[in-house]
Structures are given as structure tokens and as C-alpha cells.
Amino acid sequence: MTSAETIRKLVDEFASIPDWEDRYAHIIALGRALPAYPEEYRKDKYKVSGCQSQVWLYAGGKGRGDQDTQGTVDGEANGHKDVVSEVIHFEADSDAAIVKGLIAILMKIYNDRTPQEILGVPPDFIQKLGLDQHLTVNRTNGLASMMKQIHLYAIAYGRIDEERKRARELKSQ
Amino acid sequence: MNTSNVDAGFAPVAVADNALYVSALRNEFPILNQRVHGNVPLVYLDNAATTQRPIPVINATTDYLLHSHSNVHRGGHALAMEATRLFELTRSRIQAFLNAPLPEEIIYTRGTTESVNLVASAWGDDNVKSGDEVIVSEMDHHAVIVPMQMLCQRKGATLRVLPVLDNGTLDLDALPDLINNRTKLIAVNHVSNALGTINDVKSICALARPRGITTLIDGAQAVAHLKVDVQDIDCDFYVFSAHKLYGPTGVGALYGRAEIMSSMSPYQGGGSMIASVSFEGTTYNDLPYRFEAGTQNIEGAVGLGAALEWFGGLDHSAVAKHEQSLLRRATEGLSAIKGLRIIGNAPNKIGIISFVVDGIHASDIGVLCDEQGVALRVGHHCTMPLMKRFGVGSTARASAGVYTTHSEIDALVTSVGKAVRMLS
């Protein structure tokens with residue numbers, strides 16, 4: 001499913017729940033269904049700064065990730081030249097139930113997608129889902145920072161992918 | 001008077017003590033009579049963050065802007081004289097409010113934070129040296145802790161901490177051992193913003209005075225709840241903000257004993273604070289102007305003056321009695337919720353109640369109460385060391401104002417109960 005299809009599905013899903021209690025129950029349930037966050041990534045460096053609750057975000061994927069977990073940034077030094085995945089894989093978590101549910105929604109939209117796809121997601125899905133107050137106004141919960149962080153990862157990995165592609169082209173000439 | 005719209009949306013409640021008095025008060029706060037998130041009545045319980053302003057305060061500011069605005073102290077024309085009169089009238093009202101001996105002992109600031117920073121800079125730079133010690137308390141707001149920490153870092157001084165007991169009171173028995181001949185300053189809050197604890201600042205000052213230790217009392221949370229008398233407390237500095245006293249944001253005051261402040265170096269340089277300026281050197285103005293560089297928040301001062309007048313006109317014994325009954329009702333109601341733990345159970349508290357619920361993040365409670373119209377504050381309340389002391393990252397906090405009703409406390413208890421059920 002593309003991110004656009006996912007957003008349409010989520011919008012329909014939330015539109016079918018008019019009652020605020022049920023909406024929150026649904027958000028909380030989505031959070032509970034989020035895959036367990038790998039404990040080895042529960043480190044300060046993966047913490048997204050937020051005032052009210054703690055949010056962790058790890059970005060990696062085959063041939064991606066950082067020095068700690070993948071050997072090198074692009075994996076090439078370890079001979080993994082051709083195994084870099086196209087998509088970015090995220091792991092995320094929060095100690096607050098509602099924030100975790102909102103993270104689960106973000107993961108449905110952004111996880112395991114290419115940098116281009118991530119950067120191409122129109123930000124108005126926030127309004128369409130009726131999540132404005134959580135993602136934009138209330139920046140203290142760290143979610144706005146998390147979205148920004150997802151975009152920064154996409155920009156950084158997008159550039160690394162570009163350079164790698166250019167290097168391969170130069171080599172094959 | 002129409003009281004039916006005051007608590008619109010709630011089941012009728014038994015008319016408790018002072019209910020009529022509070023209902024009448026609420027008519028002066030139109031902001032409270034509204035619905036949020038579509039259609040739920042607002043229950044504003046974030047008064048420790050900021051209080052709402054009654055119509056007379058808003059009108060005073062508007063009237064000033066419509067009819068009297070000018071810069072103060074500088075011009076000899078009619079508007080300048082009227083603005084100056086209003087500005088200085090508020091100064092004398094603050095003096096009376098705190099029972100300060102002299103009007104020039106009242107310095108206008110942007111609020112509590114700037115007042116503390118002024119003392120840490122101006123007094124601190126003159127008086128704290130390498131090896132000296134400054135005492136703050138474990139329940140102080142970051143606005144007290146951080147400027148004092150910065151002062152100590154600048155001077156090579158040591159910051160020492162007066163601990164908090166399990167019930168949320170200061171461990172005053174530990175204070176004599178913390179004090180030594182290097183102690184220069186004790187800074188402590190009068191009332192804890194996170195716990196509501198009323199601290200025995202008079203005893204602290206009584207310990208400090210004979211030892212020549214300077215005292216700074218952070219009155220941000222006290223002024224709207226307690227009768228403050230700086231001569232009775234016998235402190236050297238007392239600071240507060242207007243916006244926690246039904247006045248405007250961006251204005252507050254520093255009371256400092258003239259004896260200390262008359263020899264203090266200036267805080268900021270600029271207009272008003274000088275006597276004469278030449279490139280060879282500048283001589284400084286007298287108190288209080290020496291510490292009021294630049295154009296002040298004049299309409300803020302006018303609003304503060306109106307807030308003091310309005311607040312002074314309340315029946316404070318009725319207000320205090322009502323506040324304590326709200327606190328009792330909230331304490332009883334919230335305590336009945338399974339897994340809920342109140343942080344701070346001091347015998348003397350203002351109408352602040354801070355709590356956590358086992359296995360549930362305070363931010364989730366905040367979000368779900370907000371959906372039900374109940375405005376709480378969730379977080380560390382700018383008291384991270386205190387949160388650490390109680391082993392929590394954050395709490396949810398409800399704080400009452402003079403206009404808070406019993407039915408609003410019931411709405412609080414109901415909304416927290418519902419939030420906990422939804423999150424369990």
C-alpha cells in the first residue's frame with residue numbers, strides 16, 4: 001500500500017468513529033499493537049526531545065543505520081555494496097499511551113518507505129485525520145519533533161543514496 | 001445575576017459554602033464561561049500557570065491605552081504626567097500589598113524570573129565570591145535554581161540544596177547543618193508551584209538574619225493565596241509576577257530592602273537608570289529607577305495596579321475558606337481513584353494538587369481530561385529535581401483560583417476517573 005493509500009484508509013477509519021472516546025480507544029489500541037521497540041536502541045541518542053513524554057526513534061534498514069549498529073554508515077566498507085535497501089526502516093516508541101498510538105499512525109504512513117516517498121507525503125494528512133492538536137499545536141509531546149526527525153532521516157539517507165548511485169555510475173564508466 | 005450559565009453542563013450540585021460568592025466572582029471572568037473542543041464546558045484548573053483576568057483589570061489596561069498612554073518620568077506634558085501617576089500609583093499599591101516599608105524598595109521587572117535574575121546578577125556579583133555558598137531548596141522552581149546555579153558557576157561558589165521530606169515539606173531540621181560561615185544567600189519559594197506546599201519562610205529568615213545571610217523568597221505562587229508581609233517574614237528580597245495574581249503577563253516586581261539595594265550595582269544599563277552620562281563615566285540614579293533601565297511595561301503596571309485593587313477588595317477569609325474546601329474535595333475525590341497517588345501531602349497547602357497514576361503516563365491523563373474540558377498542567381512543572389526526588393518524570397496538576405467551584409472539582413474527579421478507565 002502506498003503512503004497515499006494508507007492515509008486514505010486511515011482517514012476513512014477515523015471518520016467512521018464519531019465519538020471522541022472511541023477515537024482515543026482506537027489510537028491507544030494502535031499503540032498497543034506497535035511492534036516492541038528493540039531495547040538495544042533505547043538510548044539517549046535515539047530520544048526525540050519532548051517535554052511531556054519520552055519518544056524514541058531509530059532509523060535504519062539493510063545497509064543503513066549508524067556506526068553502532070551497522071558497522072558503517074553506508075555498509076560499503078564491509079562489502080555490503082549492493083545490499084543497501086531502498087527503504088528506511090523505523091522503530092519507535094513512547095512511554096505515553098496516546099503518543100504511542102499516534103506514533104503507530106505515523107509508522108503506518110512513513111515506515112519502510114523510500115526517502116523520496118517520505119518527503120513526498122503531503123503534511124495535510126494531519127488535518128484530515130483530525131490530529132492537528134497533537135501533531136502541530138501541542139509540540140511539547142515530541143511528536144512534531146518526531147515528524148521533523150523522520151524528514152531529516154529521509155533527507156540524509158536520500159543524499160547518501162544519491163552519492164552512492166553516483167559513485168557506482170563513475171565506477172562502471 | 002444569572003448563575004445557571006456558570007456551571008452549564010453539570011448536574012446541579014449542593015450549594016456549598018461561599019458558592020454564591022464564587023458565582024458572583026465568576027461573572028467578572030467571561031473567559032471561564034465557554035465551551036471547548038466542540039461542546040464541553042471549560043473547567044480551568046491551570047491557575048498555578050497563570051490566572052485569568054477579571055473585567056476591571058482588562059478595562060484598566062484598555063482605559064490606559066485609550067486615554068492615558070505616554071512614556072513615564074520623561075515628559076512634562078499632561079499625558080506623561082498621568083501615565084507617571086498611574087505607574088507610581090501601582091508601585092505604592094505593591095508596597096502596601098507586600099507591606100514594604102518604602103515605595104523605592106519596589107522594582108518593576110518582567111516577572112518573577114527576571115526579579116530572581118536581577119538579584120543573582122546585581123546582588124550576586126557584588127556579594128558572592130569564590131568558595132562562598134548559596135542555598136536553594138529541592139522544591140524550587142527552575143527560575144530560582146538556574147540563576148543561582150549560574151551565579152555559583154560564575155563565581156566559583158557552591159550551590160547547596162535544602163532537601164524535601166516524603167510528605168512534600170521542606171526538611172527545615174537540615175537547614176542549620178547546611179548553613180556555615182560561607183553561606184551568602186538562601187533562596188526558597190514561599191509556596192511550591194508543583195506541590196502546593198506552604199513553606200515556613202519566616203523560620204528560614206529567622207535562621208538567616210542573625211548570621212548575616214541574605215534571603216530571597218520566591219512568592220510567585222504565594223501572592224494570590226496568602227497574606228504576604230515582607231516585614232513579618234523579615235526577608236531581604238521577595239519576588240512575584242502579576243499574571244499569577246489576576247493581572248497581566250510580562251510584569252512583576254522585586255521587593256528588596258533599601259539598605260541592601262542602595263549599595264547594589266546596576267543590573268542593566270540604559271535610560272532611566274542613570275543620573276548623568278559622559279564618556280568618562282556614568283553615575284547612576286537612585287532607587288528604584290537604578291534598576292529600571294529602559295521603558296517599562298507601563299500598561300502592564302497599570303493592569304497590575306488594577307489587579308491589586310480588585311484582589312484587595314475580595315473577602316479573603318471567604319476566599320481562603322473556599323480554597324481549602326476545594327482542596328479537601330479534590331483530595332478526597334482523587335484519592336478514591338484506584339492507583340492514583342497525590343504527590344505532596346503537606347499539612348499546609350494552597351489549592352494545588354499534583355498526582356500520578358500507577359502505570360499511566362501523566363500526559364495521557366492530560367490529553368483525555370482536556371477532551372472533557374478540564375484544563376490541567378502536565379509535566380515537570382519546571383521542577384525537575386523535585387520530580388526526581390519523588391521518582392516521577394512528570395505529574396498532572398490541578399490548581400484552583402478564586403473562581404473555582406465545587407462542581408468544577410467534581411468535573412475534575414470525573415474526568416480523571418474516566419481517563420484512567422480509558423487507559424487501564
Side-chain angles (χ1 to χ4, degrees), chain A residues 14-15 17-34 37 42-44 47-57 92-106 126-127 129-146, chain B residues 9 35-42 46 49 141-142 193-194 339 354-384 386-388 391-398 411 414-424:
Chain A
F14 275 90
I17 317 173
D19 183 60
W20 74 269
E21 282 181 58
D22 296 337
R23 288 166 71 88
Y24 276 98
H26 186 56
I27 291 171
I28 293 164
L30 289 174
R32 287 188 179 137
L34 194 68
Y37 186 76
R42 204 177 295 283
K43 293 177 183 165
D44 280 353
K47 232 174 175 174
V48 180
S49 60
C51 179
Q52 296 189 355
S53 64
Q54 305 188 81
V55 173
W56 290 269
L57 177 69
D93 196 12
S94 172
D95 56 351
I98 294 166
V99 173
K100 194 168 173 176
L102 296 170
I103 285 173
I105 291 169
L106 292 185
I126 297 165
Q127 284 82 34
L129 286 171
L131 299 175
D132 325 25
Q133 57 162 319
H134 303 293
L135 291 172
T136 51
V137 181
N138 190 359
R139 280 169 300 168
T140 54
N141 62 17
L143 269 171
S145 317
M146 187 163 111
Chain B
R35 288 170 179 265
V36 293
H37 293 307
N39 203 27
V40 284
L42 172 68
D46 196 17
H141 190 282
H142 295 167
N193 68 306
S354 223
F355 60 94
V356 292
V357 181
D358 291 343
I360 295 176
H361 199 286
S363 85
D364 290 328
I365 292 173
V367 169
L368 295 179
C369 287
D370 176 53
E371 285 290 341
Q372 298 169 77
V374 179
L376 302 177
R377 178 52 62 107
V378 170
H380 51 62
H381 315 295
C382 295
T383 57
M384 288 170 90
L386 183 66
M387 295 292 111
K388 194 178 166 200
V392 295
S394 58
T395 71
R397 179 190 71 187
T414 306
S415 72
V416 173
K418 189 168 195 166
V420 169
R421 274 198 306 283
M422 287 174 69
L423 291 159
S424 296

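We use all heavy atoms of the structure for the numbers below, so side chains are in, but hydrogens, waters and symmetry mates are not. Letters go in sequence order (proteins before strands), and every chain restarts at 1. Everything quoted here is computed from the prediction, not taken from an experiment.
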Under the side chain to side chain contact (heavy atoms under 4.5 Å, CB included) test, residues paired with A:A25 that sit two or more places apart: none

Side chain, backbone, both or neither of A:R32 within contact of chain B (heavy atoms, under 4.5 Å): side chain

A:W20 and B:L368: CA distance, side-chain angles, deciding distance, side chain to side chain contact (heavy atoms under 4.5 Å, CB included) verdict: CA-CA 9 Å; A:W20 74 269; B:L368 295 179; 4.0 Å; yes

Without placing hydrogens or testing angles, list every side-chain donor-acceptor pair under 3.5 Å for residues 417-424 of chain B, not counting sequence neighbours.
residue, atom, partner, partner atom, Å
B:K418, NZ, A:E21, OE2, 2.7
B:S424, OG, B:V420, O, 2.6

Residue pair B:D364, A:I28: steps toward the side chain to side chain contact (heavy atoms under 4.5 Å, CB included) verdict: CA-CA 10 Å; B:D364 290 328; A:I28 293 164; over 6 Å; no

